[in-house]
Colleague: 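The structure under discussion is supplied below as structure tokens; questions concerning it will follow.
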Amino acid sequence: MRFSKAFIPTLKETPAEAEIPSHRLMIRSGMLRKLGSGLYTYLPLAQRVIHKIEKIVREELDNIGCQELLMPIIQPEEIWQLSGRWDIYGPELMRLEDRHERMFALGPTHEEVITLLAKYDIKSYRELPINLYQIQTKFRDEIRPRFGVMRAREFTMKDAYSFHTDNVSLEETYQKMYKAYDRIFERCGLEFSAVEADVGAIGGSDSHEFMALAETGESEVLNCECGYAATAENCKISPLENIKVEKELPLEKVHTPDKKSVEEVSNFLDIDKKQIIKTIMYNSDNELVAFLIRGDREINDVKVANLLNSINLEFASDDEIAGELDSVAGFVGPVGNKSIRIFADKNLKDAMNMVAGADEKDYHYKNVSLGRDCNVTEFVDIVQAKKGDKCPKCGKRMNSYRGIEVGQIFQLGDKYSKAMEATFTDSDGKEVPFEMGCYGIGITRTMAAAIEQNYDDYGIKWPLPIAPYQVELINLSTRSDAIVSFCDKLYKELKQNNVEILYDDRDIQPGVKFNDADLIGIPIQIVVGQRNFKKEKIEYKLRHDNKKITMDKDKIVVKVLELIEKFSQ
RNA sequence: CGGGGUGUAGCGCAGCCCGGUUAGCGCGCCUGCUUUGGGAGCAGGAGGUCCCGAGUUCAAAUCUCGGCACCCCGACCA
């Protein structure tokens, strides 16, 4: 491609909206333009990268026997009613109506469609297992789109769905997919790791997330040298230290004027936050539920939602606390006989002489002992794990890092097949629901993650396997016939060798070309200018380390082919 | 959904508080000449519903009200 003909609208200045490197660089390098909140046009450079990533994904999936298909982006309400998700998916599901006033959803994912397909067209255990995938545009009406394509509303995703006779077969495919994902992200040049994940709204049992390591990542991962790694949301909590078992003292009410928060109460009474019981009131599908945790910890609402099987989970309002509980927000506590369910953190099981709200304005109780003074429904794991906590596997201290979720794999089980009555006939002639797995990769997010991991002050440094072009040929002397004809010839020759090449033939300042080249980030730059040409020399630069090497100009083709070979892995 | 902010040429912004010329500046774009190893120079030029609507006024980018869009922060408070 000649640069003079290419649609690569680079920008010298950064548009105000860009917050993180990948977003900023995609806009500046002429890859991306915004149409509306969370809606983007992928310009030719980005489209080439997307195609490269898709190609890698297709190769690796086809290689393990997956088959590609394509499902509609607009899906009728009925199928979402069948799975029960029409009512529980929430506002992220973009709903629309056609001219006949029939309701539809813009597909945020395709479990319903694929399960229905299996229901009608996969009839016998002899056809199993089978693994079908598509690369499709998804739509999720994100509460707050941000960071460019990282959290866009419309995005490209590869989603695969597998069907099995039993969970042994499912587990087998799950492991195969795990390995395929490893190879895919490896080939994309990402630094990543797979971690145990929350199964979320999609339902199911086992799940791993593939996280690309990046400071700007939206997820926190806790990991341990023993190999355990989980998203902070999903990390199990191991026993916390320092709850002293001592002599039980009598319950005592103390005046705590206007002291609501743990911080305030701990300062006012001069006690450790660990000695405070934080009572958190949730409204879960119109039921008030109390949760007790230690004052120095935070609650993990993913765990809460999973525990309660909540569809809608919110904090209880002050009115609800006053009305239904006959208490006061800021002074809620667990003491006494309550009509509601009370779940307490496991670590509070033997807690004694704690401080807790007295259900009365400006009063707390001292010397609360959960066993004696409260009727706790159950002791559970509801605390948010954090860096420095003990690893639930080996007990060593865990570290944390931030990551971008680029892929996730789930074992769904029969959740959807049961709900939608998708069955096959097994070898005994019985009708059985499919065991299912589902597997996603954010294609456009993978592109952004690759940039987050590979850039410098000047621009992007594409890993060669997903770079929009492999080589950029820069002609600095477009007015010299000798140099132009040399470059034209070199361009042709490289193309004949199947090298993907962008040829900067523009009649402009060298500085502009250098800067555009660094910004766009094509891994191999070939620079042809008077200075070296006079000496029969040519220069190339590798963008990843910015090292320039001058060599004999007639040997460049061989050298470039060698470099491409080397960096293709 | 709550809080904050922004909307003026393709991009980045000034002007608005304190109403009053032909609405500016930098970059980009077009033409010509010069320049060609890190965003060059000179000369000329095009490009604006000042987000939309209503109001106040002799007069509105500027003041008032309503709306829309976009951005940021929060949504872990007991």
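Here the structure is a predicted model, which means the values were calculated and not measured. Just so we're on the same page: letters track the sequence lines, and every chain starts at 1.
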Colleague: How many angstroms lie between CD1 in A/I522 and CG in A/L45, if you round to the nearest 0.5 Å?
Modeller: 6.5 Å
Colleague: Could you work out the separation of B/rC29 and B/rG66 based on their P atoms and round it to a whole Å?
Modeller: 43 Å
Colleague: Are there over 12 heavy-atom neighbours, none belonging to A/N399, within less than 6.0 Å of that residue's CG?
Modeller: yes
Colleague: Using a 3.5 Å distance criterion without hydrogens, assess whether the side chain of A/D296 forms a donor-acceptor pair with backbone atoms of A/K274.
Modeller: no
Colleague: Kindly write out the residues that satisfy ring pair (Phe, Tyr, Trp, His ring centres under 6.0 Å) with A/F486, not counting sequence neighbours, or none if the list is empty.
Modeller: A/F533
Colleague: Roughly, in whole Å, what's the span from CZ in A/F291 to C1' in B/rC76?
Modeller: 14 Å
Colleague: Let me know, please, whether A/R531 or A/T14 comes out on the 5' side of the other along RNA chain B by nearest nucleotide.
Modeller: A/T14
Colleague: Pairing check on B/rC29: which nucleotide meets the Watson-Crick or G-U wobble criteria with it, both distances under 3.5 Å?
Modeller: B/rG45
Colleague: Among the candidates B/rA75, B/rG37, B/rA78, find the nucleotide nearest to the side-chain atoms of A/S261.
Modeller: B/rA78
Colleague: Applying ring pair (Phe, Tyr, Trp, His ring centres under 6.0 Å), name anything that partners A/F291, two or more places apart in sequence or on another chain.
Modeller: A/Y282, A/F343
Colleague: For RNA chain B, which residues of residues 277-284 of chain A approach it to below 4.0 angstrom with any heavy atom?
Modeller: A/K278, A/T279, A/I280, A/M281
Colleague: Any side-chain heavy atom of A/K386 sitting closer than 4.5 Å to one from A/R297?
Modeller: yes
Colleague: Taking B/rA61 as the reference, what is the distance to B/rG7 when you measure between their P atoms (whole Å, please)?
Modeller: 15 Å
Colleague: Evaluate ring pair (Phe, Tyr, Trp, His ring centres under 6.0 Å) for A/H544 paired with A/F567, printing each intermediate quantity in order.
Modeller: CA-CA 11 Å; A/H544 77 90; A/F567 292 117; 5.4 Å; yes
Colleague: Mind checking A/S327 for me? I need base, sugar-phosphate or nothing, with any heavy atom below 4.0 Å counting as a touch.
Modeller: nothing
Colleague: How many Å lie between CD on A/E263 and P on B/rA78, as a whole number?
Modeller: 10 Å
Colleague: Any strand counts, and the cut-off is 3.5 Å on both contacts for Watson-Crick or G-U wobble. Which nucleotide pairs with B/rA40?
Modeller: B/rU34
Colleague: Side chains of A/N353 and A/V368: closer than 4.5 Å at any heavy-atom pair?
Modeller: no
Colleague: Could you give the distance from OG (A/S369) to CG (A/L249), rounded to the nearest 0.5 Å?
Modeller: 8.0 Å
Colleague: Taking only the P atom of each, what is the distance from B/rC50 to B/rG10 in whole angstrom?
Modeller: 12 Å
Colleague: Under 4.0 Å, counting only non-hydrogen atoms across every strand here, what does A/V262 touch: a base, just sugar-phosphate, or nothing?
Modeller: sugar-phosphate
Colleague: Apply ring pair (Phe, Tyr, Trp, His ring centres under 6.0 Å) to A/Y503 and list each qualifying residue two or more places apart in sequence or on a separate chain.
Modeller: A/Y491
Colleague: For A/L292 and B/rA78, give me the distance from atom CG to atom C1', rounded to whole Å.
Modeller: 12 Å
Colleague: Return yes if a side-chain donor-acceptor contact under 3.5 Å exists between A/N532 and A/T550, otherwise no.
Modeller: no
Colleague: For A/R294 and A/L348, indicate whether the former's side chain and the latter's backbone hold a donor-acceptor pair under 3.5 Å.
Modeller: no
Colleague: Would you list the protein and nucleotides 68-72 of chain B atom pairs, both N or O, that sit under 3.5 Å from each other?
Modeller:
residue: B/rC70; atom: OP1; partner: A/S37; partner atom: N; Å: 3.2
residue: B/rC70; atom: O3'; partner: A/K34; partner atom: NZ; Å: 2.9
residue: B/rC71; atom: OP2; partner: A/S37; partner atom: OG; Å: 3.1

Colleague: Strictly by modelled atom types, are A/N367 and A/D373 linked by a side-chain donor-acceptor pair under 3.5 Å?
Modeller: no
Colleague: Report which part of the nucleic acid A/K259 touches: base, sugar-phosphate, or nothing (heavy-atom distance under 4.0 Å, all strands).
Modeller: nothing
Colleague: Write down the distance separating the P atoms in B/rG74 and B/rU21, rounded off to the nearest Å.
Modeller: 43 Å
Colleague: Contact class for A/G357 (heavy atom, under 4.0 Å): base, sugar-phosphate, or nothing?
Modeller: nothing
Colleague: Give none if B/rC68 has no partner; otherwise give the nucleotide forming a Watson-Crick or G-U wobble pair with it, both distances under 3.5 Å.
Modeller: B/rG7
Colleague: B/rG37, B/rA75, B/rG38: which one has an atom nearest the side-chain heavy atoms of A/D518?
Modeller: B/rG38
Colleague: Measuring from the side chain of A/F514 (C-beta onward, heavy atoms only), which nucleotide among B/rG37, B/rC11, B/rC76 has the closest atom?
Modeller: B/rG37
Colleague: Between B/rC33 and B/rC27, how many Å separate the two C1' atoms, rounded to a whole number?
Modeller: 22 Å
Colleague: Across all strands shown, which nucleotide pairs with B/rG55 by Watson-Crick or G-U wobble geometry, both distances under 3.5 Å?
Modeller: B/rC63
Colleague: Between A/S477 and A/I321, which residue's closest nucleotide on RNA chain B lies nearer the 5′ terminus?
Modeller: A/S477
Colleague: Establish whether the base of B/rG38 is bridged to the side chain of A/K548 by a donor-acceptor pair shorter than 3.5 Å.
Modeller: yes
Colleague: Spell out yes or no: do the side chain of A/E13 and the base of B/rG26 have one donor N/O and one acceptor N/O closer than 3.5 Å?
Modeller: yes
Colleague: Please state how far atom CG in A/D507 lies from atom C1' in B/rG37, giving the value in whole angstrom units.
Modeller: 15 Å
Colleague: What is the distance from CD1 of A/I508 to P of B/rC27, rounded to the nearest Å?
Modeller: 16 Å
Colleague: According to the Watson-Crick and G-U wobble definitions, with both distances under 3.5 Å, which nucleotide is paired to B/rC16?
Modeller: none
Colleague: Do any N or O atoms of the protein come closer than 3.5 Å to N or O atoms of nucleotides 39-42 of chain B, and which pairs are they?
Modeller:
residue: B/rG39; atom: O2'; partner: A/K12; partner atom: NZ; Å: 3.2
residue: B/rG39; atom: N7; partner: A/N515; partner atom: ND2; Å: 3.2
residue: B/rA40; atom: N7; partner: A/Q509; partner atom: NE2; Å: 2.6

Colleague: Between B/rU35 and B/rC42, how many Å separate the two P atoms, rounded to a whole number?
Modeller: 15 Å
Colleague: Measure from CD on A/Q525 to P on B/rG38 and round the result to the nearest Å.
Modeller: 14 Å
Colleague: Show the numbers, then the answer: is there a side chain to side chain donor-acceptor pair (under 3.5 Å) between A/T216 and A/E452?
Modeller: CA-CA 8 Å; A/T216 50; A/E452 289 295 329; 2.7 Å; yes
Colleague: Would you say the side-chain atoms of A/D301 and A/Q384 include a donor-acceptor pair closer than 3.5 Å?
Modeller: no
Colleague: For nucleotides B/rG39 and B/rG26, find the distance between their C1' atoms and express it as a whole number of Å.
Modeller: 14 Å
Colleague: Tell me: CZ of A/R506 to C1' of B/rG28, nearest whole Å?
Modeller: 13 Å
Colleague: When the C1' atoms of B/rC16 and B/rG5 are compared, how many Å lie between them, rounded to an integer?
Modeller: 16 Å
Colleague: Go ahead and name the base partner of B/rC1; Watson-Crick or wobble counts if both distances stay under 3.5 Å, otherwise write none.
Modeller: B/rG74
Colleague: Nearest whole Å is fine: how far is B/rG38 P from A/I474 CD1?
Modeller: 12 Å
